Undergrad: 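Next up is a structure, given as structure tokens.
Proteins come first, then strands; the chains are lettered A, B, ... in the order of their sequence lines, and each starts at number 1. Model, not experiment: these values are computed from the prediction.
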Number of protein chains: 2
Amino acid sequence: MPRPSAREIVLDAYVDILIEHGPGSVTLDAVAAKAKVSKGGLLYHFGSKEALLTGLLDRVWRLSFADVEHARTAPGGPVRYFLTSSVTDASMDKPAHRASMAALRQVGADERVAQTIRNCGQLWRNLLAEHIEDPLTAEMVGALGDGLYLRATMGEETETLANQIDEVLRRLGA
Amino acid sequence: MPRPSAREIVLDAYVDILIEHGPGSVTLDAVAAKAKVSKGGLLYHFGSKEALLTGLLDRVWRLSFADVEHARTAPGGPVRYFLTSSVTDASMDKPAHRASMAALRQVGADERVAQTIRNCGQLWRNLLAEHIEDPLTAEMVGALGDGLYLRATMGEETETLANQIDEVLRRLGA
DNA sequence: GTCTATAGATGGATAGAC
DNA sequence: GTCTATCCATCTATAGAC
């Protein structure tokens, strides 16, 4: 485990603040303080506030891509991995989910945000389509997972469904 | 149709800016300009930025409650109404959806935001539970609708599922 | 590569005229 | 009920020392 670069530490702080306080509270001062660098130090790595967002979107895409690849070889299969991670990891500190949660809070701030999130969604949908024969079923699994993800990011109880993923998949025929 | 009060016009402007530019761009100046009042005029109706958020959350709850009541007597039944409106109205300018989309962008800014959204979600889940016998099926329909809603708010294509709502419901047995 | 200092702009909120 | 004017805190970004 190599020590994370200063760039990554700053990005972590940016993500933390977005998730905990929202975009209205994101200031260079706040990010620098959380990352324990000075504002000048921060601006050496990210030349502007917009550069921070760019860095976040890069991370979101990179981690989502890796997560989808990881799903391909997951023990219970990709489909099961998709649903369980939608519901389980969103509240935990899996980096891929933290990054996309942070990005979700920036929708509207820049066109690239929604674009990136859509691209990541497409990755997952492609994966599901590869492993579920019927197209409509694949779409339904995708939408259901997205719903679980949304709920988890809202701090909602998802146990009712989380404990019955196998039965859910059986009923969907996936 | 009574002319909307100044309060409502200001709230509309606040919602517009949240949806179009995100919370990072919400300033009293911007809201006042969009509502075509002065900053002083705005602050007469909402004494602070926080009061604007409070006003939004009130509206979200009020409109969601009314929408759920409206769903009870919808032509195709409440369940069908839930799914079709999740997918259709989110991109349109139905006030209930615009308000909750705006609130969604403020998650993290204040605890009450996620709380309000959870409460509204509970309203819909109760409705579904009343009209779908099997509890797990009801939960699945709810999650699927939430997924469609999330996608619609991201400007995502939802037509594949939107055109097959009846088949979706048939497969879910709802 | 990280810091301090500071410029210059913009933010939220108040006071008081009309 | 709506406006203008203003205060002061905070924000982004730059300049330049170390």
Undergrad: Would you call A:Asp12 and A:Arg98 a salt bridge, using N to O less than 4.0 angstrom?
TA: no

Undergrad: State yes or no: do A:Phe82 and A:Leu63 share one hydrophobic cluster built from I, L, V, M, F, W and Y residues joined by side-chain heavy-atom distances below 4.5 Å, directly or via other members?
TA: no

Undergrad: Apply the test side-chain contact (heavy atoms from CB on, under 4.5 Å) to residues B:Val37 and B:Tyr44: give CA-CA distance (whole Å), side-chain angles for both, the deciding distance (0.1 Å), then the verdict.
TA: CA-CA 11 Å; B:Val37 294; B:Tyr44 171 78; over 6 Å; no

Undergrad: Using a 4.0 Å heavy-atom cut-off, does B:Val31 contact any base of the nucleic acid, only the sugar-phosphate backbone, or nothing at all?
TA: nothing

Undergrad: Under 4.0 Å from any atom of DNA chain D, heavy atoms only: list the residues of residues 4-25 of chain A that qualify, in numerical order.
TA: none

Undergrad: Rounded to the nearest 0.5 Å, what separates atom SG in B:Cys120 from atom CD in B:Gln115?
TA: 10.5 Å

Undergrad: Give me the distances for all protein-to-nucleotides 3-7 of chain C N/O pairs that come in under 3.5 Å?
TA:
unit_1 : atom_1 : unit_2  : atom_2 : d
C:dC3  : OP2    : A:Ser38 : N      : 2.6
C:dC3  : OP2    : A:Ser38 : OG     : 2.8
C:dC3  : O5'    : A:Ser38 : OG     : 3.2

Undergrad: Check whether the side chains of B:Ser85 and B:Tyr149 place a donor and an acceptor atom closer than 3.5 Å, and report yes or no.
TA: no

Undergrad: When clusters are formed by joining ILVMFWY residues with side-chain heavy atoms under 4.5 Å apart, either directly or through shared neighbours, do B:Leu127 and B:Trp61 land in the same one?
TA: yes

Undergrad: Name the closest nucleotide to the A:Thr27 side chain, picking from C:dA13, C:dG11, D:dC11.
TA: D:dC11

Undergrad: Test: salt bridge (charged side-chain N to carboxylate O under 4.0 Å, His left out). Region: residues 102-111 of chain A. Which pairs qualify, not counting sequence neighbours?
TA: A:Asp110-A:Arg112

Undergrad: Rounding to an integer number of Å, can you tell me how far A:Leu28 CG sits from D:dT12 P?
TA: 4 Å

Undergrad: Roughly, in whole Å, what's the span from CG in B:Leu43 to P in D:dT4?
TA: 13 Å

Undergrad: Could you name each residue pair satisfying salt bridge (charged side-chain N to carboxylate O under 4.0 Å, His left out) that touches residues 118-129 of chain A, not counting sequence neighbours?
TA: A:Arg125-B:Glu156

Undergrad: Contact class for B:Asp29 (heavy atom, under 4.0 Å): base, sugar-phosphate, or nothing?
TA: sugar-phosphate

Undergrad: Residues from residues 44-51 of chain A sitting under 4.0 Å of DNA chain C, heavy atoms only?
TA: A:Tyr44, A:His45

Undergrad: Would you say the side-chain atoms of B:Asn126 and B:Glu130 include a donor-acceptor pair closer than 3.5 Å?
TA: no

Undergrad: Taking 4.0 angstrom as the limit, do B:Asp134 and A:Arg171 come out as a salt bridge?
TA: yes

Undergrad: I'd like to check the side-chain contact (heavy atoms from CB on, under 4.5 Å) partners of A:Asn163; sequence neighbours left out, ordered by chain and number.
TA: A:Glu159

